[in-house]
Each structure stands twice: as C-alpha cells, then as structure tokens.
There are 2 protein chains.
Amino acid sequence: MTAPERSLRADARRNREAVLDAAGELFARRGDAVQMDEIAERAGLGVGTLYRHFADKQALLAAIIGRRFEAMATLARAADEAEDPWTAFETLLYGYLESAQADAAFRFALLGPEEPRWNDIATEKTDFSAITERIVRRAVDAGRLREDFRADDFVLITRGAMANMTDAAGWRRHVTLVLEGIRRPER
Amino acid sequence: MTAPERSLRADARRNREAVLDAAGELFARRGDAVQMDEIAERAGLGVGTLYRHFADKQALLAAIIGRRFEAMATLARAADEAEDPWTAFETLLYGYLESAQADAAFRFALLGPEEPRWNDIATEKTDFSAITERIVRRAVDAGRLREDFRADDFVLITRGAMANMTDAAGWRRHVTLVLEGIRRPER
DNA sequence: CTCTAACCTGAACCTGAATTCCGGTTCCGA
DNA sequence: TCGGAACCGGAATTCAGGTTCAGGTTAGAG
C-alpha cells in the first residue's frame with residue numbers, strides 16, 4: 001500500500017518520516033480536520049513533498065491509521081500474555097480505549113461510517129482483530145464473560161465508549177456500566 | 001430563534017413549510033451532507049428562497065433539530081404516563097433510539113463534538129431533558145435501576161447505542177448488554 | 001569532482017459548496 | 001383595479017482546501 005518502496009534517497013526517507021510524524025501528531029489532536037498545508041509546515045516541508053510521498057490526504061491518513069493498528073496489535077499481544085483471562089480482557093479493553101482517547105484520527109476512523117473500508121486500507125487491522133478474538137474466547141471459556149459474548153460485542157462496547165469521549169470521565173463510567181452486565185464472577 | 005415571526009405572506013408561509021419538510025426529509029436520510037441546492041430543488045424553490053427564511057445552513061439545521069426535540073419531548077411525556085417505572089424507562093429509551101436511528105441529522109447533532117451547543121440553539125431540548133430526568137428518578141426510586149444511575153448515564157447509554165447504528169441490529173444488541181448491567185430485578 | 005535522476009518548493013490552479021444579489025413576480029390592502 | 005412592499009429564482013460570486021507543476025536543489029554513483 002504505502003509500502004516504503006526499496007531504496008529512497010536518504011533525504012527522502014528522512015522527509016517521509018517527518019511527514020508521518022507531523023501528520024500523526026496533528027491528526028491525533030484534531031482528526032482529519034487538519035489541512036495539508038499545516039502538516040507540511042509542521043514537518044518543515046513544502047506541500048508538494050507530502051504529495052510526493054502520499055497520493056492524497058486519504059492515503060496519508062490511511063498510513064497513520066495503519067501505524068495505530070500496528071501499535072494496537074502489539075498492545076493486544078501484550079495483553080494476551082496475562083495469565084488470568086479476565087485480566088487479559090480488561091487490559092486489552094482499557095488499553096485500546098485509552099489509545100483511542102489519545103488519538104482523534106484513530107477514533108474518527110473507527111467511528112465513521114466508512115469504518116469497514118479500513119479493513120482494506122489498513123491491513124494491520126487484521127492482526128489486531130485476530131488477537132482480540134482469541135482474548136475474548138479465553139475469557140468466555142474461563143466463564144468470566146457471559147457465554148454468548150462474541151468479538152463483535154467487543155467492537156460494540158468499544159464504539160459505545162468512544163462515542164462518549166467528549167469529556168474525559170464519561171467513557172470510563174460507560175465502560176463501568178457495561179462491564180457490569182457482561183462480566184461474570186470469578187468462581 | 002427561528003420563530004415564524006408574525007404575519008408572513010401566504011406564499012411565504014407555504015414555502016417556509018416546504019423548505020422545512022424537504023430539509024427534514026433529506027437531513028434525516030443523509031445528515032448535514034446534503035447541499036442547499038438539493039433542498040431547494042426538492043422543495044421546488046430556488047436557493048435564494050432558503051436564505052430568505054434561514055440565515056444559513058446551520059440555522060436551517062437547527063430549526064430541524066429543534067423540531068425533533070419537540071417530538072422527543074412528546075415521546076418522553078407519553079412514556080412517563082406508564083404506570084410501571086421500568087416500562088416508562090424502557091419505552092423512553094427505545095423510543096428515543098428508534099427516532100435516532102430514523103434520523104441521521106438528529107443522530108449527528110447528538111454525537112457530534114458540538115453537541116453541547118445545541119442546548120442554546122434548540123431550546124426545545126430542555127423540555128426533553130427535564131422529563132427524562134423524572135423518568136430516570138422514578139425507575140431508580142422503584143429500585144428497578146441501579147441506585148447510582150443518573151440522567152447523565154442515560155445520555156451515555158444513548159450515545160453508545162447511536163454509535164452502533166451503522167448496521168440495524170448492532171445497537172439493539174448493545175442496548176441489551178448494557179441494560180443487563182443497569183437493570184434490577186422486579187422484586 | 002561531475003552529472004543527472006530524484007527531490008523539493010510553494011504559488012497557481014481547480015473544485016465543490018455555501019452565500020449573495022438583483023431583475024422579475026406576486027400577494028394584498030386601499 | 002393598482003401600486004409597491006414582500007417575495008422568488010437561479011446565475012454569478014466567494015471561499016476554503018486539496019492538488020498540481022514548472023522550475024530550482026541535492027544526493028550519491030561513477
């Protein structure tokens with residue numbers, strides 16, 4: 001996709017990285033409302049350079065989102081390490097949501113109506129989904145989640161919480177309420 | 001706000017209504033993505049006429065949202081009629097969400113980051129909020145909702161569900177899960 | 001050190017809407 | 001029936017942002 005084709009000239013590689021960093025920072029803060037000019041300025045480059053590395057704004061966005069999903073996959077993998085299935089689940093859930101809170105673009109990508117489209121654009125998402133599925137299954141099998149809980153439900157909860165990220169406290173309360181209906185006692 | 005100032009010429013009143021209807025229909029289907037030209041065409045009028053009645057797109061949107069909140073207040077009032085507090089609560093919740101499902105603009109207004117702003121723009125919202133508060137209190141007092149449930153939580157749940165209105169079934173599942181954690185047995 | 005393909009720049013350009021504006025129309029009171 | 005204030009139509013204007021491109025600049029192979 002946005003694969004760093006082999007052998008970029010040193011300065012080109014450096015600039016590409018600068019663009020990614022600047023865009024990541026700005027998109028995270030203000031979602032896709034940021035303008036290409038801003039990104040270019042922050043990266044200390046001309047707009048033209050952005051277009052040399054990314055076909056259009058959408059592609060740049062996609063690259064950033066892909067990065068996030070990679071990070072999410074790592075996070076999920078770490079959560080899956082946990083001995084206790086419930087701990088694994090909770091770690092994943094909160095880790096994911098905290099990342100979402102810190103990144104407006106990521107949130108936007110997940111909440112927007114074109115969400116399904118990211119599957120193609122950000123293939124990194126597949127990894128994450130797979131691990132999530134495993135963690136959910138573990139918790140269900142251990143009897144710590146209602147028996148009919150599915151990975152899809154994880155998405156539902158997650159979206160629900162993200163919709164309440166206007167104020168910092170709201171989504172935690174939301175998750176608390178939901179968890180209560182989903183969780184099952186240890187024994 | 002968009003008060004139909006006294007004495008509009010007959011045709012003007014008729015046109016104003018046509019605009020409101022056309023806009024309501026289109027906004028409901030596609031949110032604020034619809035263009036002024038489309039609305040004008042559907043209303044069988046020129047764009048200029050829209051601007052004669054509403055300062056700008058935002059104002060037109062606000063008028064529509066206001067209408068919805070009026071309808072929601074009516075709905076809430078009806079729900080409050082119910083003898084059983086839980087029935088009242090559930091009726092309100094589902095009625096509200098079904099309306100949201102049927103109206104993208106309404107949903108958009110409630111989910112968007114400028115949500116708070118609607119309090120000023122659509123004063124009709126106040127009514128709705130008041131009744132909602134009463135219904136929630138009734139259910140809590142009757143011991144049918146967890147003791148610490150507040151009207152704010154109703155908003156949380158509601159936003160959470162709306163975020164899952166991409167597919168028609170998702171939000172119902174979401175509400176089911178949440179209700180489980182919130183509800184308290186009859187006795 | 002040279003030369004050129006690969007890069008970069010940023011002003012100009014384009015596009016898609018919202019909004020304006022003014023020459024006609026129409027309602028309606030006298 | 002008449003006059004003019006209220007209205008209406010819709011092409012023209014404005015504007016914000018994304019995207020392009022005609023030159024200038026290097027990195028780095030030879």
Side-chain angles (χ1 to χ4, degrees), chain A residues 2-24 26-27 29-65 104-105 108-109 112 114 117 121, chain B residues 2-24 26-27 29-65 104-105 108-109 112 114 117 121:
Chain A
T2 326
E5 310 289 353
R6 208 43 341 159
S7 73
L8 278 179
R9 226 170 63 177
D11 58 339
R13 192 189 330 284
R14 198 182 322 124
N15 288 337
R16 186 175 204 282
E17 216 50 37
V19 171
L20 245 13
D21 287 346
L26 291 176
F27 279 147
R29 188 180 353 275
R30 314 214 316 272
D32 83 343
V34 306
Q35 306 171 203
M36 295 302 265
D37 286 5
E38 291 184 84
I39 297 174
E41 180 172 37
R42 175 175 246 268
L45 300 167
V47 238
T49 305
L50 305 211
Y51 286 91
R52 161 160 284 274
H53 293 289
F54 302 93
D56 53 28
K57 192 180 185 180
Q58 194 58 216
L60 177 52
L61 211 305
I64 299 292
I65 300 295
F108 188 80
E114 350 73 46
R117 204 156 49 67
I121 296 181
Chain B
T2 327
E5 311 289 352
R6 209 36 352 150
S7 73
L8 280 177
R9 226 171 64 177
D11 57 339
R13 192 187 332 282
R14 197 182 322 125
N15 288 338
R16 186 175 204 284
E17 216 52 36
V19 171
L20 245 12
D21 287 346
L26 292 175
F27 279 148
R29 189 180 353 274
R30 316 215 312 274
D32 82 344
V34 305
Q35 307 171 201
M36 294 302 263
D37 285 6
E38 292 184 84
I39 297 174
E41 178 171 39
R42 175 176 247 268
L45 300 167
V47 240
T49 304
L50 304 212
Y51 286 91
R52 161 159 286 271
H53 292 290
F54 301 93
D56 53 27
K57 193 180 184 179
Q58 193 59 219
L60 177 52
L61 211 304
I64 299 291
I65 301 295
F108 188 80
E114 351 74 44
R117 206 157 49 68
I121 295 182

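Please read these numbers as outputs of a predicted model, since none were measured by experiment. Convention: sequence-line order gives letters A, B, ...; per-chain numbering from 1.
Closest non-hydrogen pair, A:A63 versus A:F54, comes out as CB-CE2, 3.8 Å. A pairwise comparison of heavy atoms in B:I65 and B:A109 identifies CD1-CB, 3.6 Å as the closest pair.
Between B:K57 atom NZ and C:dA17 atom P the separation is 9 Å, expressed in whole Å. Spacing between atom CG of A:D11 and atom C1' of C:dA5 amounts to 12 Å, rounded to whole angstrom units. Between the CD atom of B:Q35 and the P atom of D:dC15 there is a distance of 19 Å, rounded to whole Å. Following rounding to the nearest Å, A:L60 (CG) and D:dT19 (P) show an atom-to-atom distance of 10 Å. Rounded to a whole Å, the NE2 atom of A:H53 is 13 Å from the C1' atom of C:dT9. Between B:F54 atom CZ and D:dC8 atom P the separation is 12 Å, expressed in whole Å. Atom-to-atom, CE of A:M36 to P of C:dT9 comes out at 14 Å; the value is rounded to the nearest Å. What separates OH of B:Y51 from P of C:dA18 is a distance of 6 Å, to the nearest Å.
Considering only side-chain atoms of A:R9, the nucleotide from C:dA17, D:dT26, D:dC7 that sits closest is D:dT26. In the set D:dT20, C:dT26, C:dT19, D:dT20 carries the atom at the smallest distance from any side-chain atom of A:V47.
Between the CG atom of B:D56 and the CG atom of B:L50 there is a distance of 11.5 Å, given to the nearest 0.5 Å.
Put simply, the side chain of B:R42 never gets that close to the backbone of B:A22: no donor and acceptor are under 3.5 Å apart.
For B:N15, no side-chain nitrogen or oxygen approaches OP1 or OP2 of D:dC7 to under 4.0 Å. At the phosphate of D:dC7, OP1 or OP2 sits under 4.0 Å from a side-chain N or O atom of B:R52.
Heavy-atom distances to DNA chain C give each of B:T49 and B:A33 a nearest nucleotide, and the one nearer the 5′ end belongs to B:A33. Each of A:D56 and B:L45 has a nearest nucleotide on DNA chain D; the 5'-most of these lies closest to B:L45.
A:F108 is not listed as a side-chain neighbour of A:L61, based on a closest heavy-atom distance of 4.5 Å or more.
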